[in-house]
S.K.: 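Here you go, one structure.
From a predicted model like this one, the values you see are computed outputs, not experimental measurements.
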Amino acid sequence: ISVIIATLIHNSAVVLVLAYPIFYLKINNKATVLIIVLSLLIGISGVMNPLLSKFQFLIEGFGGVDSERISGKLDTYTTEASASKIDSKVAFLISALRRIIILPVILYFRKDLQSAVYNGYVNLFTFSNVIFFTLSQVSIVFVRFTSYFTVIEILIIASVIRVQKDKRKRFLLLLFFAVYMASRL
């Protein structure tokens, strides 16, 4: 019900439909790293732009009430990237690095937490990064899909700090996360 209401406010909220099943997937650290690397390679390769063009053709061919509006938005989103004054490759690499730098810490503490909830958070964090890596090179507008999962990082950080009993390690983690969150700004 909340996804339907959110979608009425903004169409991109439809991505939340996938959050529930992804949260409960059982994905180990190796698979998480493999998924992230593959999505990064797909994003860099530029293969998504032609795929989205084909998707646009399918929407137009399928018909329906919203097909023309969705098709028009998809066309606008895929051509909008070229209108940006910022070099998209540089922006992508900076954002990708910022997203990847926290991954080893998140995965390292997965074994200490041994929590189904924490694993769900990691799954949603991974999904958010997959969306970013595969679609942000097509158009920065697609990054909007990742904004719904930003709160997950906060929950992950709180979980990691809470599990740490050693005060020095906790301080170092707080310092690391403070620098990380400052870089996000």
S.K.: State the CG-CG distance between L25 and N119, to the nearest 0.5 angstrom.
M.R.: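 Answer for the CG-CG pair, L25 versus N119, is 11.0 Å.
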S.K.: If hydrophobic clusters are built by linking Ile, Leu, Val, Met, Phe, Trp and Tyr wherever their side-chain heavy atoms come under 4.5 Å apart, do V117 and I152 end up in the same one?
M.R.: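 Yes, same cluster.
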S.K.: Mind checking whether L34 and I131 sit in one hydrophobic cluster, side chains of I, L, V, M, F, W, Y counted as touching below 4.5 Å?
M.R.: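 No; I131 is not reachable from L34 via cluster members.
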S.K.: Between F127 and F149, is the ring centroid distance below 6.0 Å?
M.R.: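 Yes; F149 has its ring centre under 6.0 Å from that of F127.
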S.K.: Between the side chain of Y118 and the main-chain N/O of I106, is any donor-acceptor distance below 3.5 Å?
M.R.: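 Such a contact is found between Y118 side chain and I106 backbone.
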S.K.: Is there a side-chain contact between Y121 and I157 (heavy atoms, below 4.5 Å)?
M.R.: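 Sidechains of I157 and Y121: no contact.
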S.K.: Among I36, I35, I42, exactly one meets side-chain contact (heavy atoms from CB on, under 4.5 Å) together with F133. Which residue is that?
M.R.: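 With F133 as partner, I36, I35, I42 yield a single side-chain contact (heavy atoms from CB on, under 4.5 Å), made by I36.
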S.K.: Ignoring hydrogens, what is the shortest heavy-atom contact between T32 and R110? Give both atom names and the distance.
M.R.: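 Nearest heavy atoms, T32 then R110: OG1-NH1, 3.6 Å.
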S.K.: Would you say S128's side chain and L124's backbone share a donor-acceptor pair under 3.5 angstrom?
M.R.: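 Such a contact is absent between S128 side chain and L124 backbone.
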S.K.: Could you list who else is in L172's hydrophobic cluster, with ILVMFWY side chains joined at under 4.5 Å, directly or through other members?
M.R.: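 None, because no other hydrophobic side chain comes under 4.5 Å of this residue.
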S.K.: Do L173 and F109 have side chains that approach each other closer than 4.5 Å (heavy atoms only, starting at C-beta)?
M.R.: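 Yes - at least one pair of side-chain heavy atoms lies under 4.5 Å apart.
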S.K.: What distance do L93 atom CG and L97 atom CG have between them, rounded to the nearest 0.5 Å?
M.R.: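 Output value for this atom pair is 8.5 Å.
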S.K.: Would L16 and L18 show up in the same hydrophobic cluster when neighbours are defined by side-chain heavy atoms closer than 4.5 Å?
M.R.: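 In one cluster: yes.
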S.K.: Would you find a donor on one side and an acceptor on the other, under 3.5 Å apart, between the side chain of Y180 and the backbone of I102?
M.R.: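 No, because the side chain of Y180 does not come within donor-acceptor range (under 3.5 Å) of the backbone of I102.
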S.K.: Do V122 and I27 make a side-chain contact, defined as non-hydrogen atoms from C-beta onward lying under 4.5 Å apart?
M.R.: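 Side chain of V122 against side chain of I27, heavy atoms only: no contact under 4.5 Å found.
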S.K.: Applying ring-ring contact (aromatic ring centres under 6.0 Å, His included) as the test, list every pair that has at least one member in residues 15-47; sequence neighbours left out.
M.R.: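 Checked against ring-ring contact (aromatic ring centres under 6.0 Å, His included) - neighbours excluded - the pairs reaching residues 15-47 are Y20-Y24.
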S.K.: Do you reckon I154 sits in the same ILVMFWY cluster as I156, going by side-chain contacts under 4.5 Å, direct or chained?
M.R.: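 Linked, I154 and I156 end up in one cluster.
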S.K.: Among residues at least two apart in sequence or on other chains, which ones pass side-chain contact (heavy atoms from CB on, under 4.5 Å) with L174?
M.R.: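 Checked L174 against side-chain contact (heavy atoms from CB on, under 4.5 Å); matches are I161, R170.
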S.K.: Minimum heavy-atom separation for A96 and L40, please, with both atom names.
M.R.: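 Shortest heavy-atom contact: CB-CD1, 4.2 Å.
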S.K.: Do K111 and Y108 meet the cation-pi criteria used here (NZ or CZ under 6.0 Å from the six-membered ring centre, within 45° of the axis)?
M.R.: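 K111 over Y108 ring: yes.
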S.K.: Any chain of hydrophobic side-chain contacts (each under 4.5 Å) joining I101 to V33?
M.R.: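 Yes, I101 and V33 fall within the same hydrophobic cluster.
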S.K.: Distance check, rounded to the nearest 0.5 Å: T150 atom OG1 versus L155 atom CG?
M.R.: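 Between T150 OG1 and L155 CG, I get 11.5 Å after rounding to 0.5 Å.
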S.K.: Any side-chain heavy atom of S159 within less than 4.5 Å of one from L113?
M.R.: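 Heavy-atom side-chain distance check passes, below 4.5 Å.
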S.K.: Check R99 against T146 and note the closest heavy-atom contact, atom names and distance.
M.R.: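 Reported closest heavy-atom pair: NH2-OG1, 3.6 Å.
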S.K.: Considering all heavy atoms of both residues, which atom of A31 and which atom of N28 are nearest to each other, and what is their separation?
M.R.: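 Heavy atoms only, the tightest pair is N-OD1, 2.8 Å.
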